[in-house]
Amino acid sequence: METKVAEKIVKKWLRKGNITRCMRDILPCSGLNFDERERVAKLVHNVVRWKRWYEFVLSRYGMEINAENLVKIAAGEIKIDESVGNDLEGMKRIAIRHSFSDFLASFLVAHEDYVEKINREPETSLCVNFNRADREEIMNMLLMEGMDARKGSIPTSIIAEQKARYSEAVKKGYAHVQDESSQLIAMIATMHGDKILDYCAGNGGKTLAMASISKNGKEIHAHDIEPSRLRKLKERAALYKAKVKIGIEGEYDVVLVDAPCTGVGAARRNPEAKYVDGYGDYPSVQREILKEAEKYVKHGGYLIYSICSFLPEEMKAVATLKNFVEEKIDMKWLRRVENGYITWLLEGDILFVSVMKKK
Ligand SMILES: C[S@@+](CC[C@H](N)C(=O)[O-])C[C@H]1O[C@@H](n2cnc3c(N)ncnc32)[C@H](O)[C@@H]1O
């Protein structure tokens, strides 16, 4: 039954793309219970994660490439030899054996350590809400609900099993689901001033983390071009007991621009991003947003640019800022790249962050 549902989802995805939507359309009315649905989601994610490699293996084995066989490989019903594809060379090996678009493989061939990181199956990370409880208390709440939990690598994070996403601790606003690297960006933003504008706040992942880290001790404002996201953020902030104002008022010590991007740095959790085949208009959108946002930074204040990508054209946006100089950050969880840093945490996405000080 589970593999049949997984097959149905994969079949739809092969036709229409957007795996999240395909799962949302099919899983809730599949008749499966919670644990079964979780297992199906895992199976489907593995098909997406390894699609190009699985297809290559099937063709080498002379088998038909279809949803049924892709799911059978992911479920271990078709046994495959792990070394198939290892004989390919350079970019081709990255694209096929490690399953990436040619576009991404052409970058990753010079950055093989990213490959292993992206292909690791992710665990679930939670960001502690320090306005409600401390990390130990929240871990205890999860343990009482029968869920394994351990401390993450940064002070705000808990690594838990997948179903912690639906725990009472999360439902009641003691913690929210958030990748560790995103929590780190929120930490960096709160370190740089007291009046902070989250310019691309979305439904508030980083806004909530900042309110938590600062224990509601900073003036945090949230803005986004999409009013519906801000409405959601407001609801979440109320549950979270997070002090957050919606809208822009004057100038700020810190403006965080968590810009729209290709999302390739989060491909661990959203493996569909492994097949991104170009930049689209992201680089120009990112430059435009920075241009809008920079005017809200006071003199001597900071513009912090973050994206869940490590691709050169997307990291370049900050280089266009004329009145800013880059500020160095010294943290063991970051790796230096041009104009900024990428996050390098065991359970975290690969995000780019640059802190720019206004002259
Ligand atoms: C990567 S998401 C932000 C995620 C959010 N910071 C979080 O941590 O959950 C990018 C956001 O930028 C917003 N956005 C796009 N163009 C914008 C613009 N010109 N001004 C403000 N927000 C914009 C999108 O609506 C989207 O919510």
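Predicted model only: the values in this text are computed from it and were never measured. Atoms within each ligand, like the ligands themselves, are counted from 1 in listed order. All values below come from the heavy atoms of this structure, side chains included, with hydrogens, waters and symmetry mates left out.
- Residue Y199 has at least one heavy-atom neighbour below 4.0 Å for each of these atoms of ligand 1: 20 (N), 21 (C), 22 (N).
- Within ligand 1, counting atoms from 1 as listed, the ones closer than 4.0 Å to a heavy atom of E292 are 18 (C), 19 (N), 20 (N).
- Ring centroids of Y174 and Y240 are separated by 6.0 Å or more, keeping the two rings apart.
- Protein heavy atom nearest atom 11 (C) of ligand 1, with residue, atom name and distance: D224 OD2, 3.6 Å.
- Atom 23 (C) of ligand 1 has its closest protein heavy atom at I225 CG2, 3.6 Å.
- Contacts between D258 and ligand 1 below 4.0 angstrom, taking non-hydrogen atoms only, involve backbone and side chain alike.
- Environment of CZ in R60: crowded, with over 12 heavy atoms of neighbouring residues, nucleotides or ligands closer than 6.0 Å.
- Among the atoms of H223, none of the N or O lies under 3.5 angstrom from an N or O of ligand 1.
- Per-residue contacts place G202 under 4.0 angstrom from the following atoms of ligand 1 (heavy atoms of the residue considered): 27 (O).
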Please step through salt bridge (charged side-chain N to carboxylate O under 4.0 Å, His left out) for the pair E116 and R268, ending with a clear verdict. CA-CA 10 Å; E116 194 233 337; R268 214 171 47 103; over 6 Å; no
Show the numbers, then the answer: is there a salt bridge (charged side-chain N to carboxylate O under 4.0 Å, His left out) between E55 and K51? CA-CA 6 Å; E55 287 177 347; K51 176 178 182 281; 3.0 Å; yes
Can D258 and S306 be said to form a side chain to side chain donor-acceptor pair (under 3.5 Å), step by step? CA-CA 5 Å; D258 187 34; S306 66; 2.8 Å; yes
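- For atom 16 (N) of ligand 1, the closest non-hydrogen atom of the protein is I289 CD1, 3.4 Å.
- The atoms of ligand 1 that sit less than 4.0 Å from any heavy atom of E226 are 25 (O).
- Checked against a 6.0 Å centroid threshold, the rings of Y279 and F103 count as neighbours.
- Applying the 4.0 Å criterion to heavy atoms of A259 picks out, from ligand 1, the atoms 1 (C).
- Here W344 and Y114 bring their ring centres to under 6.0 angstrom of each other.
- Within the structure, the closest approach of A201 to ligand 1 falls below 4.0 Å when heavy atoms are considered.
- Scanning the protein heavy atoms around atom 24 (C) of ligand 1, the nearest turns out to be R229 NH1, 3.2 Å.
- Of the residues listed (H221, H223, H299), the one engaging Y252 in a ring-ring contact (aromatic ring centres under 6.0 Å, His included) is H221, and it is the only one.
- Scanning the protein for heavy atoms near atom 9 (O) of ligand 1, the closest one is G205 N, 3.2 Å.
- Proximity to P260 (heavy-atom distance under 4.0 Å) selects the following atoms of ligand 1: 10 (C), 12 (O), 15 (C).
- With salt bridges taken as basic N to acidic carboxylate O contacts below 4.0 Å, none links K195 and D253.
- An N or O contact shorter than 3.5 Å links C200 to ligand 1 by distance.
- The local environment of NZ in K358 is crowded, with over 12 non-hydrogen atoms from other residues, nucleotides or ligands closer than 6.0 Å.
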